[in-house]
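Shown next, in structure tokens, is the structure this report addresses.
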Amino acid sequence: MNLIILFVLTVAAIFLVAVVSSARLVQQYEQGIVFRFGRLLPGSRGSGLAFTVPLADRMVKVSMQTVVLSIPAQGAIIRDNVTLTVDAVVYFAVIDPVKAIVNVRNYQNAVSQVAQISLRSVIGRVDLDTLRSDREQINAELKAVIDGPTEQPWGLHIERVEVKDTSLPESMKRSMSRQAEAERERCARVIAADGEFQASARLADAAHAMAATE
């Protein structure tokens, strides 16, 4: 009798361990991808408690939240032959967890590499005035360029891209400062000359008026 009880308890313990080891908790913001002996099972597991086959299945959880990825500052030569550094932020999310896991290794690093190359390419096609005055156009172009190679093959969606900051070389900053100062001086001279011209014109009008009254 004792042996039967021991056997039942042993079986129950093994069953309990198997159930516990097969249970996986998937959060609300996640999707679970299951591989059975290395082969991908169809579909994905939604939020809640998911059960897998012990020793045979491996579950990979993929976050479906928006990822905010900072792009390190990149050096680029823009269209008017000015060298500068520019950094950006990419907002993206996984829309197909199977592609994000199966088709690319470390999709965050892959997006970072694509974004760095795209940032240098897009910035290299604009001039300094456009870069400083039309950020929205540049952001939209960057989004389209980065989204192209990542959405279909990798199951990612680039939500938006923001250029954060541009840094000019010190020599260029000094040159622009001198140019701005020279422009201010030129405007001041033009205003002064215009004032002198108007004053001389009024004096001439006054002299003609006095001569006419004599």
Go through the structure and list residues passing side chain to side chain contact (heavy atoms under 4.5 Å, CB included) with [X], not counting sequence neighbours.
| X | value |
| --- | --- |
| S63 | Y29, Q65 |
| I33 | F35, L40, S44, V62, P97, V98 |
| A76 | I123 |

Which atom pair, heavy atoms only, marks the closest approach of [X] to [Y]?
| X | Y | answer |
| --- | --- | --- |
| I158 | K143 | O-CE, 3.2 Å |
| Q27 | S47 | O-CB, 3.4 Å |
| G148 | P153 | O-CD, 4.5 Å |
| S118 | L142 | O-CD2, 3.7 Å |

Discussion item. Given 3.5 Å as the limit, does a donor-acceptor pair link the side chain of D147 with the main chain of H157, or not?
Written reply: no
Problem - Under 3.5 Å donor-acceptor, K164 side chain and I71 backbone - result: no
Which residues satisfy the side chain to side chain donor-acceptor pair (under 3.5 Å) test with [X], sequence neighbours excluded?
| X | answer |
| --- | --- |
| R36 | D57 |
| Q116 | Q74, S112 |
| E159 | T66 |
| R58 | none |

dist L156:CG -> I146:CD1 (nearest 0.5 Å) comes out at 11.5 Å
Value for CD (Q31) from CD1 (I95), rounded to nearest 0.5 Å, stands at 13.0 Å
Joining Ile, Leu, Val, Met, Phe, Trp and Tyr whenever any side-chain heavy atoms lie under 4.5 Å apart, the cluster holding V26 also takes in V34, L41, M59
Apart from V68 itself, members of its ILVMFWY cluster (side-chain separation under 4.5 Å) are V89, Y91
Counting only heavy atoms not in I77, do more than 12 fall under 6.0 Å of its CD1? no
Evaluate Y107 against V94 for side chain to side chain contact (heavy atoms under 4.5 Å, CB included), listing each step before the verdict.
CA-CA 9 Å; Y107 59 84; V94 176; 3.7 Å; yes
Here the salt bridge (charged side-chain N to carboxylate O under 4.0 Å, His left out) pairs for residues 82-104, sequence neighbours left out, are none
Residue pairs passing the salt bridge (charged side-chain N to carboxylate O under 4.0 Å, His left out) test with at least one member in residues 109-127, sequence neighbours excluded, are R79-D127, R125-E141
- prompt: Between S121 and V145, is any pair of side-chain heavy atoms under 4.5 Å apart?
  reply: no
Contacts of E30 meeting salt bridge (charged side-chain N to carboxylate O under 4.0 Å, His left out) (sequence neighbours excluded), chain-then-number -> none
